[in-house]
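Reading through the structure tokens given below for one structure.
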There are 2 protein chains.
Amino acid sequence: MDRFVSNVVLRLDAKGRVSIPAQFRSVLNRDGFDGLYCYPALDRPAIDAGGNALMAEIEHLTTRYAPFSDEREQLAIALYGTSETLKIDGEGRVMLSETLKSHAGITDRVAFVGLGHKFQIWEPDRFRAELAEATDKVRALKQRLGSQTARDAPGARE
Amino acid sequence: MDRFVSNVVLRLDAKGRVSIPAQFRSVLNRDGFDGLYCYPALDRPAIDAGGNALMAEIEHLTTRYAPFSDEREQLAIALYGTSETLKIDGEGRVMLSETLKSHAGITDRVAFVGLGHKFQIWEPDRFRAELAEATDKVRALKQRLGSQTARDAPGARE
DNA sequence: TGGGTATTTATGGGCGTCAATGGAACGAGT
DNA sequence: ACTCGTTCCATTGACGCCCATAAATACCCA
């Protein structure tokens, strides 16, 4: 398996360390990246995290613009400037920075949420709320899809 | 890791010295450059800094124009002419010149900001403002990218 | 299939090392 | 000798690395 899936909630210890779920660790190993690349999610109280795949995505975003261009510098500031590469200790744990924790409202427990090529780290209660909301939206979407004819369905080809 | 990421704010001591974050130092070492190449950012109150990779980028930028062309001469003046190579002392500290400090409005604290292949040095308060602005722009950019598929995925985010 | 054993995880804690910072010693030039 | 700058040493707090334990899981073999 090379994708991050499912979700787990784990506790931070007295030193602020938290284990990365073993399943996620094995994906990271396969990805070949020593450490955990992460940054505050742009529009949610969560932390985006991953390995080379995620970093490549960021790189791709910024290098689309010319060096020294305004767009490129601002992208770099917002993306690289807020990113961190956390060290993973011998037991597979990381220490979240204050910045990351406060962005996500994390205190003593976190939820790891697989999102395919990356995963997110949430404060568990907030994640439950977000999940409920997302579930509602998906349900509504499904209803609407169901009421349409195949010809009108999004993604249908002529 | 061979990129500058994350941001840290550090203090200048009584002599005007400031430590380069250890993480950035290790990138510079890998890059194989003894010292810190830097110059005032062209259109921001910040200092651009880096090693060989940054110098190569500038070289590449100027050599795209014909020798003796106005563009090339002006680029050379603006970039090379204002550049400095700061010495790094045994403890990994540098002394910013008055020119650099005044360009960035630096007094006693600075923010080191990773931008991938280079990093910038800011006055912390100004950086916070710039980051907020950059984040807004990126968020807007993301919205635009996301809206391309909005028709196919109502209510979908990210 | 079941029972028992061996791994692996998640977590806790101790300790040495290093980073950031402050200050002293030293050297050169005026 | 005094000033300015550079190199060297000292402090302290954080962090990396190591080992320990308990629970859960995987494994094995009758």
Side-chain angles (χ1 to χ4, degrees), chain A residues 1 4-30 33-38 47 49 83-102 106-114 119 121-124 127, chain B residues 1 4-31 34-36 38 47 49 51 84-101 106-114 119 121-124 127:
Chain A
M1 177 60 63
F4 300 102
V5 295
S6 97
N7 72 87
V8 198
V9 7
L10 295 176
R11 294 185 330 198
L12 278 70
D13 67 18
K15 292 182 174 181
R17 298 173 298 187
V18 61
S19 294
I20 298 174
Q23 190 188 132
F24 287 12
R25 277 201 313 258
S26 82
V27 178
L28 287 172
N29 285 342
R30 213 167 311 253
F33 185 72
D34 182 36
L36 183 65
Y37 184 79
C38 51
I47 302 168
S83 297
E84 311 189 20
T85 53
L86 306 181
K87 289 193 189 68
I88 300 180
D89 73 12
E91 283 72 40
R93 291 174 289 194
V94 292
M95 288 197 54
L96 303 175
S97 69
E98 267 317 308
T99 310
L100 292 175
K101 283 196 284 190
S102 75
I106 290 167
T107 58
D108 64 335
R109 292 154 53 85
V110 296
F112 289 88
V113 184
F119 63 90
I121 303 174
W122 287 75
E123 193 286 318
F127 173 63
Chain B
M1 174 60 57
F4 299 101
V5 295
S6 98
N7 71 86
V8 199
V9 5
L10 295 177
R11 295 186 327 208
L12 278 70
D13 66 17
K15 296 182 179 179
R17 299 174 297 186
V18 62
S19 294
I20 298 174
Q23 189 191 147
F24 287 12
R25 274 196 323 252
S26 83
V27 178
L28 288 172
N29 286 340
R30 213 169 311 254
D31 182 67
D34 181 36
L36 183 65
C38 53
I47 303 167
E84 308 182 25
T85 307
L86 304 182
K87 286 187 228 88
I88 300 180
D89 74 13
E91 282 72 41
R93 291 175 287 196
V94 292
M95 289 197 57
L96 302 175
S97 69
E98 267 316 311
T99 311
L100 292 175
K101 283 197 282 189
I106 290 167
T107 58
D108 65 334
R109 291 155 55 85
V110 296
F112 289 87
V113 184
F119 64 91
I121 303 174
W122 287 75
E123 191 286 317
F127 171 63

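For the numbers below, each heavy atom of this structure counts, side chains included, while hydrogens, waters and symmetry mates do not. Below, chains carry the letters A, B, ... as their sequence lines are ordered, and counting in each starts from 1.
At whole-Å resolution of the value, CG in Leu12(A) and P in dG13(C) are 14 Å apart. Look at CZ on Arg17(A): it is 12 Å from C1' on dA20(D), rounded to the nearest Å. Protein atom CZ of Phe112(B) is 9 Å distant from nucleotide atom P of dA20(C), rounded to whole Å. Here the C1' atom of nucleotide dC17(D) and the CG atom of Asp34(A) are 14 Å apart, to the nearest Å. The CZ atom of Phe24(A) sits 11 Å away from the P atom of dA10(C) (whole-angstrom rounding). Between the P atom of dG22(C) and the CG atom of Asp108(B) lies a distance of 11 Å, rounded to the nearest Å. Distance, Met95(B) CE to dG5(D) C1': 8 Å, rounded to whole Å. The separation between Asp13(A) atom CG and dA22(D) atom P is 17 Å, rounded to whole Å.
When heavy atoms are screened at a 4.0 angstrom cut-off, Ile88(A) is found touching no nucleic acid atom at all. Residue-level contact check: Arg11(A) touches the backbone only, with heavy atoms under 4.0 Å from sugar-phosphate atoms and none from bases. At the heavy-atom level, Leu86(A) lies nowhere under 4.0 Å from the strands shown.
Residue Asp89(A) is the one, among Asp89(A) and Leu10(B), whose nearest nucleotide of DNA chain C lies closer to the 5' end (criterion: closest heavy atom).
For dT6(D), the OP1/OP2 oxygens have a side-chain nitrogen or oxygen of Lys87(B) closer than 4.0 Å.
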For Leu100(A) and Cys38(A): C-alpha separation, side-chain torsions, deciding distance, then whether side chain to side chain contact (heavy atoms under 4.5 Å, CB included) applies. CA-CA 9 Å; Leu100(A) 292 175; Cys38(A) 51; 3.9 Å; yes
Between Val18(A) and Phe112(A), does the side chain to side chain contact (heavy atoms under 4.5 Å, CB included) criterion hold? Intermediate values first, please. CA-CA 11 Å; Val18(A) 61; Phe112(A) 289 88; 4.0 Å; yes
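Taking 3.5 Å as the limit, the base of dC18(C) and the side chain of Glu91(B) contain no donor-acceptor pair of atoms between them. With hydrogens and angles ignored, a donor-acceptor pair closer than 3.5 Å exists between the side chain of Lys15(B) and the base of dT6(D). Judged by distance alone, with hydrogens and angles left aside, Arg93(A) brings a side-chain donor or acceptor within reach of the base of dG12(C), the pair sitting under 3.5 Å.
Interatomic distance, CZ of Arg25(B) versus CD1 of Ile88(B), reported as 8.0 Å (0.5 Å rounding).
Within 6.0 Å of CZ on Arg109(A) lie no more than 12 heavy atoms contributed by other residues, nucleotides or ligands.
In summary, of the residues considered (Ile106(B), Val9(B), Asp108(B)), a side chain to side chain contact (heavy atoms under 4.5 Å, CB included) with Pro124(B) occurs for Val9(B) alone.
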